[in-house]
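Notes follow the structure.
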Amino acid sequence: MPGSQNTNNLVSAVFSDRHIGVASQPHIHHMLSVLGFGSLDELSIAALPKSIYMSQPLSLQAAVSEEAMLAELRVLAAKNTVNKSYIGQGYYGTHTPGVIQRNVLESPAWYTAYTPYQPEISQGRLEALLNFQTVVADLTGMVTANASMLDEGTAAAEAVALMRRSNRGASDDAVLLVDADVFPQTLAVINTRAKAMGIPVRVHDFENELPDVEFFGVLVQYPGDSGMIRELGPVIAAAHEKKALVAVAADLLALTLLESPGELGADLAVGSSQRFGVPMGFGGPHAGYMAVRKGLERALPGRLVGVSKDAAGNQAYRLALQTREQHIRREKATSNICTAQVLLAVMAGMYAVYHGPEGLKRIATRVHAMAVAVAETATAAGHTVVHANYFDTLKIRIASVSGHAAAELVAAAHAAGYLLRQVDHDHVQIAVDETTTEADVAGFATLFGTEFTGAQSPSAQGPKIAQFAEDVLLPTPHRATGFMSNEVFHAHNSETQMLRYLRKLSDADYALDRGMIPLGSCTMKLNATAEMAAVTWPEFSNLHPFAPAADTVGIVEMATQLESWLAEITGYDAVSVQPNAGSQGEFAGLMAIRAFHVENGNPHRDIVLIPASAHGTNAASAVMAGLKVVPVATDGFGNVDIDDLKAQIHVHENNLAAIMVTYPSTHGVFETEISNICAMIHDAGGQVYVDGANLNALVGLAQPGKFGADVSHLNLHKTFCIPHGGGGPGVGPVAVGAHLAKHLPARELGADTTVGLVSSAPYGSASILPISWAYIRMMGPDGLRLATQTAILSANYIARRLSEHYPVLYTGANDLVAHECILDLRGITADSGVSVDDVAKRLIDYGFHAPTMSFPVPGTLMVEPTESEDLAEIDRFINAMISIRQEIAAVQDGQWPAADNPLVNAPHTAQSIAQEWEHPYSRETAVFPAGVDPRAKYWPVVRRIDQAYGDRNLVCSCPSIEELAEVF
């Protein structure tokens, strides 16, 4: 029966028993008895509104074992054909160093970590991100780089928004000039965003003079999509004369040989770090980047890592102040970015650390030499290389009288195992990369109709590529400025050194492989090893996103199956997995709503009602989609204030586009009036957007598409087990009703759709979709339902046991919470002076990551245990919180001074207790509080980090970490 242990189906019970921490019936019954319920079904019925509760099982296949799932996935993988891609277009073959693949990409110490909002337990990944930022800033010649963007297309779109808001002197009618030689998918994403923001876009060939129109910004590709390297200096100077800003979309590997955009005068640079050791993965995930010149730091979207100091005055890292933080600024935020691509940025940064500047230049020089060799074979065969100045990409006019020269060559290449890019009837493009071999060059020669016996050039007759690369003429403008002078890029070039460096950094961090991360709203749950297995399979990881359909049958079938399963789980009619973050899913869903109203002759419907209980990104996404935000109050129980909602509907009925409701709410309760809210909005002509970030409390128990919602985004990096990776990757599919299906993101470049691409690749971060596919396949309908019920059980168990010590701020029907609860410390703080920050830092001494601090309510802690934690770990957390409450009482009673106690001094490092001790509590109390096993102790490497000092941090590239610290 639903909610049971599936004891009559032993195969399907195996994985769900491993995924769900509280799997034993005695533990479940114990927790239920504390709450006063006899079964999980009784608890579910009591917690959820009857109007939305579903008793029938989901229509999904029965669960299978890990082995059977992997066998099915192997069948899908075998349907793909991994030909060697020379398509280019921003995606290239690359070698992932084994030491990085095994010790970063495949290491739970890196992929199960959370966003480094608690810097004291995130020093490893913060340093790794600082490495990435330094590489990007150095190569682009900019002052400040962020800790990564979602992909190149979305980074370019963010650059457009940055230029628009930073160029205050431009009129509202000023246009954006985009290079005619830009990657087509980048242009498509820009067009999608620009349409929403009301920005006119004009494509321009910068070989010609600038047009006689007012423009606020310019975006140039460097090298161009066609491979051409243009002279950027004159273009940038001419644009600056027109008071416009200039963004350069640049290839990081090419920048090891070419002069940087910053040196040439550009204002900002964007791009992708994919070719720094990250597989193509049918489109992602990849770490995009953005870097800016001095003066634009405060406009930079995303996250930045800076250098600060801890309580002992030692150097430490933390996330720098972000003035556009969407959770704080909401509708005033300048970006809706809610995640980065941390895991991929770490990989790319470590690729640079491992190779060092000279190693990167060697790789780039060899790539260019391969391109020269291919160009010479093409010329020798009578074909024409269009551009004389190139790095890795050749545009070739094929000599033929058939009229189908390019198509014939591309077809012949495909048959030979190569993917070339057909530009038109006469032209093909070939983009060589790090993986290109002399055998590949010989293969191209055969296709061209000639023979390759070794690289040929006037300066080197007949030598092999390795020698040829030393003499080949490099592209211009030659790079004259140095880069990556920091010691970190010179100290870890052997595998032994690299292995130890990665181990040192991961030891400084706290991730799910160490213990519970009870973050409310973020759903830090098991990322099973079996689910992760397929990520590195070459049949998925080595596919180009624009490979021929015949080569990608298996991965498209897998993604399509996943979309259909998600549609069934949510009760919607159609799903797109293209958005590569929850923020992008929000944007896509709102664009669908906007297109729906325009289609129905109601373009004036542009008001979005957003309750105070909604996620902070909701308001920012609405503004990005060209909509106006009107807030709605909440009542004293954490629900939408129905009277205020009625009043707002009455005022805005004629212009109402939608309401955005997080369900269950960010306050941790099931809105009792959700069905009524949906009906009220529909009656006023609006659409209902249900934010699916908290879907972990609904799967198998309720379906937003069935209880009145029109659109939702989901978070595969929360509910469906894609790991957070230290702050990314993420996937944020958008799910819609049938009437909005035609308004989902486009799947093909140039498709005639109302909403274009929202991410660079048609299937977004496709290579990590097998994780969620595997989770659903192994859990089956009963396992998914049981997981949801257990998540609700665990949250209520914590709330009930801690309610004697900390007030639970909001509860719903029958005094129950949803899958998370908010502990209210405001009264305790007022009486004792102990803040939520103190409790959060003290939890580190107990061996825990803190719950979510001061969101959505300042002075509170939001706790979400998920279904993956077992009873022992849940009780360990509860006991730690009770022990901390007793410590607070000792402060209140005067046993410890308010300015010198274990809470305000937390966390305690090994170094701190080895020094002279003058505190009124013992060393043992400091580092081995109640319940901490000394043999399993997690030791933070820094004391509490100076938040005020770090607020001034905006990272620049400096010769040493010490000099970087001195900047601030």
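Note that the structure is a prediction, hence the values are computed from the model and not measured.
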Of all residues at least two apart in sequence or in a different chain, which pass the salt bridge (Lys or Arg N to Asp or Glu O under 4.0 Å) check with Glu748?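 Residues passing salt bridge (Lys or Arg N to Asp or Glu O under 4.0 Å) with Glu748: none at all.
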
Any side-chain heavy atom of [X] sitting closer than 4.5 Å to one from [Y]?
X	Y	value
Val734	Pro745	yes
Lys742	Phe596	no
Leu150	Gln584	yes

Parallel, tilted or perpendicular for Phe720 and Tyr775, by the 30°/60° rule? perpendicular

Does the plane of the ring in Phe206 sit parallel, tilted or perpendicular to the ring in His204? Use 30° and 60° as the thresholds.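 Aromatic pair Phe206/His204 classed perpendicular.
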
Residues in side chain to side chain contact (heavy atoms under 4.5 Å, CB included) contact with [X], at least two apart in sequence or another chain:
X	answer
Ala159	Ala247, Leu268, Val270, Met290
Arg275	Tyr92, Asp251, Leu253, Val367, Phe391, Asp392, Asp433
Glu66	Phe15, Arg18, Ala530, Met778
Val160	Leu176, Ile190, Ile199, Phe216

Any carboxylate oxygen within less than 4.0 angstrom of a Lys/Arg side-chain nitrogen, looking at Arg193 and Glu158? yes

Please, which pairs that meet ring-ring contact (aromatic ring centres under 6.0 Å, His included) have at least one residue in residues 59-84, sequence neighbours excluded?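 Listed once each, the pairs would be none.
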
